[in-house]
Amino acid sequence: MNVQVNVTKGILRDGREYFLDKSWVEQRNFEGVIRMIARKIVHPADQEAFKNSNTVRCIKEQLQTTPYFSQKIRVSPREIVRYFYLKEPFRKQYEVSNKTWVWIKIDYIYTQDIETGDIFMFLVIFDVDEEITLKEKLHLSATTDALTGLLNRTIMQYEIEKKLVDSKYTGTMILIDIDNFKTVNDRLGHPIGDQVLIRFSKLLGELFRKNDVIGRLGGDEFAVFIPGVLSAQALEDKVKELNHRAVFSYETESGEEIKTSASIGIVISGFGDSYETLYKKADEALYRSKEKGKSTYTFYS
């Protein structure tokens with residue numbers, strides 16, 4: 001779509017054919033039309049940015065620095081075809097789309113009439129949904145564990161190192177091994193073993209906060225980093241619940257029961273602790289939990 005607007009007078013100079021509701025075109029209040037478009041078709045999280053970048057004041061300021069600006073926002077394909085005329089194949093594509101939101105890119109080009117002083121804005125609008133979706137998929141595959149969807153080892157280490165700095169080196173690292181996982185794999189097969197890993201990953205997602213770093217280190221080993229200060233009681237309650245809920249029961253063809261559980265090692269960080277230091281200490285605590293008979297937790301001391 002190509003649209004030209006006289007921002008100063010609030011007049012649409014080119015692009016009237018795209019508007020199914022001509023009352024929008026006939027309005028002289030440019031910012032009012034922008035607010036209406038934002039409310040009708042733009043994703044709630046992108047509305048403020050879209051409205052703010054299209055105020056007359058912002059456009060005048062932008063014109064002083066650079067005549068070009070680009071913005072990516074999400075819009076509703078269903079509402080787009082309701083309020084705007086699109087040429088094929090986009091109209092059909094948006095009409096049958098099963099997506100709630102799609103990405104578009106808007107290139108803004110500003111100019112000012114020397115004689116009248118009127119500010120003009122040219123908008124060129126592109127559908128970039130496929131490009132952004134592909135980038136998100138590539139990013140996801142590069143940062144997450146393919147089976148569980150948790151952070152992979154490399155990205156988890158990176159995120160923990162960031163959290164350590166942001167939280168002034170306060171936090172708690174928890175290392176977890178799934179007890180009897182090898183037995184499940186050997187006796188029941190890898191598909192059941194994968195089910196155990198997925199089930200356990202979902203449990204970690206339920207127990208810990210979005211701000212916590214949760215990752216799979218590999219095999220049946222997982223890690224969680226809780227940034228900031230957590231009371232000893234709250235931390236102990238958390239790992240007790242994890243121990244309790246991590247007991248999964250499976251049955252072999254011969255009727256033998258195999259139970260998985262969790263062995264846990266915990267270390268509270270001190271100032272200057274690195275990821276490697278915390279991992280080593282938590283691993284020592286985890287080893288003690290294994291020695292104590294599994295399905296328990298140990299604080300590093």
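Heavy atoms only: backbone and side chains are in, while hydrogens, waters and symmetry mates are out. Quick caveat, the model's predicted, so the values are computed rather than measured.
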Is it true that Asp145 and Asn152 share a donor-acceptor pair across their side chains at a distance under 3.5 Å? no
I'd like to know if Lys163 pairs up with Glu159 as an ion pair, taking the criterion as any Lys NZ or Arg NE/NH1/NH2 lying under 4.0 Å from an Asp or Glu carboxylate oxygen. no
Would Arg82 and Glu79 pass as an ion pair if we require N to O under 4.0 Å? yes
Does any donor atom in the side chain of Ser249 or Glu257 lie under 3.5 Å from an acceptor atom in the other side chain? yes
Distance from Gln47 atom CD to Ile34 atom CD1, nearest 0.5 Å? 12.0 Å
Does a side-chain N-to-carboxylate-O contact under 4.0 Å join Arg78 and Glu95? no
For Ser70 and Asp107, what are the C-alpha separation, side-chain angles and deciding distance, and is it a side-chain hydrogen bond (donor to acceptor under 3.5 Å, both in side chains)? CA-CA 4 Å; Ser70 185; Asp107 287 345; 3.0 Å; yes
Strictly below 4.0 Å, N to O, side chains only: are Lys280 and Asp283 in salt-bridge contact? no
Donor-acceptor under 3.5 Å (Ser269 side chain, Gly171 main chain): yes
Using a strict threshold of under 4.0 Å (side-chain N to carboxylate O), is an ion pair present between Glu291 and Arg288? no
Would Lys202 and Glu206 pass as an ion pair if we require N to O under 4.0 Å? no
Establish, for the pair Arg153 and Tyr279, whether the NZ or CZ atom is under 6.0 angstrom from the six-membered ring centre and no further than 45 degrees off its axis. yes
Would you say that Thr260 contacts Phe181 through its side chain, given a criterion of any heavy-atom pair below 4.5 Å between the two side chains? no
Is Asp179 paired with Lys294 through a side-chain N to carboxylate O contact shorter than 4.0 Å? no
Between Thr298 and Ser289: side-chain donor-acceptor atoms closer than 3.5 Å: yes
Would you call Glu241 and Arg245 a salt bridge, using N to O less than 4.0 angstrom? yes
Mind telling me whether Tyr250 and Phe248 have parallel, tilted or perpendicular rings, with 30° and 60° as the class edges? perpendicular
Within the 6.0 Å centroid threshold, strictly below: Phe19 and Phe84: yes
Is it true that Asp166 and Lys162 make a salt bridge, defined as a side-chain N closer than 4.0 Å to a carboxylate O? no
Are any non-hydrogen side-chain atoms of Thr111 and Leu63 less than 4.5 angstrom apart? no
